[in-house]
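Shown next, in structure tokens, is the structure this report addresses.
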Amino acid sequence: MELLYKSTRNADKTVTASEAILKGLADDGGLFVPMSIPTLDVPMDTLKEMSYQEVAYEVMSRFLTDFTEEELKHCINSAYDSKFDTEEIAPLAKVDDTYYLELFHGSTIAFKDMALSILPYLLTTSAKKNHVTKEIVILTATSGDTGKAALAGFAEVEGTSIIVFYPKNGVSRVQELQMVTQKGYNTSVVAIHGNFDDAQTGVKQIFEDKAFAVELAEQGYQFSSANSINIGRLVPQVVYYVYAYAKLLQQGEIADGEEINVVVPTGNFGNILAAYYAKQMGVPIGKLVCASNENKVLFDFFTTGTYDRKREFVLTSSPSMDILVSSNLERLIYLIAGCDAQKNETLMTALKEEGVYSITEEMKAQLESFESGYATEAMIDESIKEVFDKAGYVLDTHTSVADVVCKQYKANTGDERKCVIASTASPYKFVESVMSAIDSKYDDVDAFELVDELNKVSGVKIPDAIEEIREANILHTAECDADKMKEIVKQILSK
Ligand SMILES: *Cc1c(COP(=O)(O)O)cnc(C)c1O
């Protein structure tokens, strides 16, 4: 049966999965959502014997029903190949009684690779299916990791070009170097004078600018998005939650049907929403624990029912979570509003115009599977040190946020269900913060010296992604003010 998609802000119009992937954002500014979340009608007993690629097919084929088996398998097998440094693709590491689902084994060493290595294939397949002849321009705002993963995915992909905007002083040294050294005739990287929210707002405004779209269409271009607002990013992320459960079962860590909790370090609410979709599909997930850094807008939302972005934006050691407007939360709001597009739109308009909205008690009652917590900078450092000292296992700063919140949750509730923590980045990517947390003698030491030191103390091989940028030339130096993004896009596309 065909599964169609709707915008969270329009009750009438439906599109196919491939149309939703092509467009990225709906014309009305809403996000595409499946009209229902499909049931995972394959037994865990079968899934547990499958490879990552096979599980990916079982999950994704339930969502992307207008892709043929051949098309989808081609996308999956092209994405999850030797670009990943392990055949397991997303291995589980057990430390004490906690399972870290390592989502950073792709080419840019953050979890964004899990979806962005397949998105270019989903998008070019969608373009073919819909007879699109224009060049697809991928506009992306990044808090640090999406940018590089999208650049790596789309570099030299025929019929596409990609423009990435990142906050000039809001990313780690390694993140910035990874982006500005990106090769490929169709890649552009621009630093903006502003934070991630400014970049994301700028991109959304360009998407909503109908006159600009017409102008560009005349020149042979159409926009799409590699941000997690694209359903083509969300669906591949559901896969690893199903896979993790199946592997725990296979390894005898859990019994069939036993509930597990999932803790996710959260920024734009994409990763944890994927876990929620997995739960809705039927994976025995108990609680979904949303972990924030000091930009704790989501923690406040889950505890009070009020989303309030009017607060100071804090630059933290987990920059990929430095976000005050969590785009994907809109998909959850839509669901708990009873899939009422009108109700959702009213709240989103309030957020845009007044910076705040509150949900009703009735809506709040539907958030019972969610728990939340947050970690301060000091707690993040402490947790990195503690896990390293105890087990020799090195967490990155983002994963450490989840680790802190996981421990808080267990202590506060006594919930003894097993916990899977989404481990979203390699510690090498945030080596300065990580090494300083382990020992203050590493403060002010050069990032690449620290890379060698991290290798020594952890025994974890230095990823190719790091070796590549040691010597690479800087190829992108463009900068602009946040309100000049449209002009820059025009300039880039007129070259
Ligand atoms: C993007 C990112 C996150 C946040 O994920 P969301 O889907 O935006 O909630 C967490 N950690 C790392 C390392 C990331 O790159």
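Start at 1 and go down the list; that is how both ligands and their atoms are numbered. Both backbone and side-chain heavy atoms feed into the values below; hydrogens, waters and symmetry mates do not.
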(message) Side chain, backbone, both or neither: which applies to Met321 and ligand 1 if a contact is any heavy-atom pair less than 4.0 Å apart?
(response) side chain
(message) Does the plane of the ring in Tyr277 sit parallel, tilted or perpendicular to the ring in Phe63? Use 30° and 60° as the thresholds.
(response) parallel
(request) Step by step, work out the side-chain contact (heavy atoms from CB on, under 4.5 Å) result for His476 and Thr187. (result) CA-CA 9 Å; His476 305 271; Thr187 64; 3.6 Å; yes
(message) What I want to check is whether the side chains of Gln182 and Lys148 have a donor and an acceptor closer together than 3.5 Å.
(response) yes
(request) If you have a sec, work out which protein heavy atom is nearest atom 1 (C) of ligand 1 and how many Å separate them, to one decimal? (result) Lys112 NZ, 1.4 Å
(message) Looking only at protein heavy atoms, which one is nearest to atom 8 (O) of ligand 1, and what is the separation?
(response) Asn268 N, 2.7 Å
(request) Measure up the Phe223 and Phe207 rings against each other and bin them: parallel (under 30°), tilted (30 to 60°), perpendicular (over 60°). (result) perpendicular
(request) Classify the angle between the aromatic ring planes of Tyr240 and Phe111 as parallel (below 30°), tilted (30 to 60°) or perpendicular (above 60°). (result) perpendicular
(request) Among all protein heavy atoms, pick the one closest to atom 9 (O) of ligand 1 and tell me residue, atom and distance. (result) Gly267 N, 2.8 Å
(request) Tell me which protein heavy atom sits closest to atom 5 (O) of ligand 1, plus the residue, atom name and distance to 0.1 Å. (result) Phe111 CE2, 3.5 Å
(request) Note the single closest protein heavy atom to atom 12 (C) of ligand 1, along with its residue, its atom name and the distance in Å. (result) Thr424 OG1, 3.4 Å
(request) Could you check atom 7 (O) of ligand 1 against the protein and tell me its nearest heavy-atom contact, residue, atom and distance included? (result) Asn271 N, 2.9 Å
